[in-house]
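Data block below; observations after.
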Amino acid sequence: ALPVETTFFERKRSLGYRTATLVASGPLGAADQVFKAHEFHYASIVNSDAPAPRQRDDALFAARDASGVDLGSLGHRVGKVMGSYLHLIDQAD
């Protein structure tokens, strides 16, 4: 299981195009592979058992918004299980 609990009770809107860079090699590709992505969701994270501050080694992506602003780490990975709100569009050029 991923170390996160979410809710739709307090809706938090996250919307926009993203550039997502894989933190580690896995089924999606090699570490540092860059993707074009889109994020759209209303869920909020209410509890995370991930270490604080967030450890880069459990993150799935390092992300930036369409303007290049660093969004930090997005998604989780635990062993072979991965999860993220990002919808991958394609590999970036």
Side-chain angles (χ1 to χ4, degrees):
L2 297 175
V4 63
E5 180 183 351
T6 61
T7 183
F8 287 99
F9 182 72
E10 293 182 30
R11 292 171 61 148
K12 177 186 173 193
R13 183 174 175 209
S14 293
L15 170 67
Y17 288 101
R18 310 291 187 234
T19 300
T21 304
L22 282 174
V23 173
S25 296
L28 296 175
D32 297 324
Q33 171 66 52
V34 181
F35 293 92
K36 298 174 191 173
H38 186 262
E39 183 177 20
F40 178 84
H41 65 90
Y42 287 102
S44 298
I45 294 175
V46 293
N47 185 30
S48 177
D49 292 333
R54 178 78 183 269
Q55 297 289 324
R56 187 171 158 85
D57 61 356
D58 74 341
L60 185 55
F61 298 107
R64 294 189 174 277
D65 71 11
S67 299
V69 174
D70 185 358
L71 300 174
S73 299
L74 295 181
H76 290 274
R77 59 184 178 82
V78 176
K80 295 181 180 181
V81 177
M82 300 178 291
S84 171
Y85 286 117
L86 294 180
H87 305 266
L88 298 182
I89 298 168
D90 198 356
Q91 293 181 9
D93 297 333

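The hydrophobic cluster containing Met82 also contains Leu86, counting ILVMFWY residues as joined when their side-chain heavy atoms lie under 4.5 angstrom apart, directly or transitively.
Closest approach of Thr21 and Asp32 over heavy atoms only: CG2-CA, 3.6 Å. The two residues Ala62 and Val23 make their nearest non-hydrogen contact at N-CG2, 3.8 Å. The heavy-atom pair separating Ser25 from Ala31 by the smallest distance is OG-N, 2.9 Å. Nearest heavy atoms, Leu74 versus Ala63: CD1-CB, 3.4 Å. Residues Ala37 and Ile89 come closest through the heavy atom pair C-CD1, 3.8 Å. Between Gln91 and Phe35 the shortest heavy-atom distance is CG-CE2, 3.9 Å.
Residues satisfying the side-chain contact (heavy atoms from CB on, under 4.5 Å) test with Ala92, not counting sequence neighbours, are Val34, Lys36.
Here the straight-line distance linking atom CG of Asp65 with atom OH of Tyr17 works out to 13.5 Å at 0.5 Å rounding. Between the CZ atom of Phe61 and the CZ atom of Arg77 there is a distance of 11.0 Å, given to the nearest 0.5 Å.
Pairs engaging residues 21-30 under the salt bridge (charged side-chain N to carboxylate O under 4.0 Å, His left out) rule: none recorded [sequence neighbours left out]. Applying the salt bridge (charged side-chain N to carboxylate O under 4.0 Å, His left out) rule to pairs touching residues 18-30 yields Arg18-Glu39, sequence neighbours excluded.
The backbone N or O of Val69 lies less than 3.5 Å from no partner atom in the side chain of Arg64, so there is not a single donor-acceptor pair.
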